[in-house]
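Reviewing the structure listed below.
This one's a predicted model, so the numbers in the text were calculated from it and none came from an experiment. Counting starts at 1 for both ligands and their atoms, in listed order. No hydrogens, no waters, no symmetry mates; every other heavy atom, side chains included, goes into these values.
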Amino acid sequence: MNKKTIDNLNLNGKKVLLRVDFNVPIKNGVIQSDKRITAALPTIKKVIDEGGKTILLSHLGRVASSDDKEKNDLAPVAIDLEKKLGKKVLFVPNTRGKELEESISKMNNGDVLMIQNTRYEDLNNKAESKNDPELGKYWASLGDVFINDAFGTAHRAHASNVGIASNINESAIGYLIQKEIEMLSRGLDNPSHPFVAIVGGAKVSDKISVIENLLNKADKILIGGGMSYTFLKAQGYEIGDSLLEKDYIDLAKKFLNESNGKLILPLDHAISSGYKDNPREITEGINVPKNYMGLDLGDKSIELYKNALEGAKTVVWNGPMGVAEFENFKQGTVAVATAIANQENVFSVIGGGDSAAAAIDLGFEDKFTHISTGGGASLQYMEGKPLPGIEAINNK
Ligand code: AMP
């Protein structure tokens, strides 16, 4: 890791701007899951223990109207955090101004303050999400050092991450981002072989760069979900009404030609007459009949994918193997998750999103080496592209 981490900074007496991910589900002012708050505690406690003055910034939802403002008020999070820390968290209901500045100037070492939802600033010409230079500069002026620990937004250049980092002398990443990068980089940049990647989900177009990047790194790539049908069409199979991206057939052919047999595609499918949770019917072979859609791996494909995973030393997975939201079409995703979970001596990483949700639903949270907390950010890492929210942090 070439970036400074929280452990490389002297925080004593410093005003520490700490970007966290408190984007938690809230209904009628009640927090539905406090996982993200709990996950941020080690970094917050470290700043407190070192005698820093913690100034927390986070976004919550999207803010495009005054209705959104009311729904996405961060105040309930401050109350919950106060309970978890067992100490006062001073909530400032604004994102800028006199009250905020005066409250910060009165902070003692070890105090914790939380700024209102950074996306309230989006009502002001999208100042947060478009990284308005004046806003990043202003927030940076409120602190001495900046720590970014919000992995979920690390693939975006916003004022509350890149904007602050570019306008402050000292910056570092917190424990959550440090762990994400260590895990993803061990899986992708320094994998033990055999390295089996699993790429699923709806569209080829969303995962092109991931497949391209993995073709250089993985020994096998198991393709599942809606995207497999564009590959099968490229090979000349009948795909019925299954998802197809016509404009990507040529690219799929190119990948197949260049993959040296690394790309593995389904041998059969669970099908349905339309996008409905009908009883599971399995095709005889690779072709999908007319008026049917392939919605999941069939039994032979499940066996093929389980066998391909056997003996893997590294597994990286992004995207479900079928429409896992449907009771009758989640078997492929469940089988793959179970195969990885039951394997010993494998370094396994799930890159956020639907596949992470499926593994967690199955109770496999502890059976994977790492389940990323950031869908978009981990996807961008899997594409081999830099994450602006981390790039902007000081190097060691
Ligand atoms: P992604 O966000 O790209 O990982 O895609 C996840 C979405 O892909 C989920 O909502 C799935 O329902 C959908 N999906 C997976 N397999 C299929 C399929 N065979 N046909 C249609 N949609 C699918």
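Close approach of ligand 1 to G294 (heavy-atom distance below 4.0 Å) involves ligand atoms 18 (C), 19 (N), 20 (N). Remark: ligand 1 atoms within the under-4.0 Å shell around heavy atoms of L243 are 21 (C), 22 (N).
For M293, no heavy-atom contact with ligand 1 is shorter than 4.0 Å.
Note: no N/O pair closer than 3.5 Å links P320 and ligand 1 by distance alone.
In this structure E134 satisfies the salt bridge (Lys or Arg N to Asp or Glu O under 4.0 Å) test together with R96, sequence neighbours excluded. Partners of E70 under the salt bridge (Lys or Arg N to Asp or Glu O under 4.0 Å) rule, at least two apart in sequence or in another chain, do not exist in this structure.
Annotation: H269 is in aromatic contact with Y229 [ring centroid separation under 6.0 Å]. Separation of the F326 and Y275 ring centroids falls under the 6.0 Å cut-off.
Note on L184: it clusters hydrophobically with I211, by side-chain heavy-atom contacts below 4.5 Å among ILVMFWY residues.
Contact analysis leaves G353 out of contact with ligand 1, as no non-hydrogen atom separation drops below 4.0 angstrom. Residue-ligand proximity: K207 is placed with a non-hydrogen atom under 4.0 Å from ligand 1.
Under the 3.5 Å distance criterion, with hydrogens and angles disregarded, a donor-acceptor pair is assigned to the side chains of E121 and T95.
Given atom 6 (C) of ligand 1, the protein heavy atom at minimum distance is D354 OD2, 3.0 Å.
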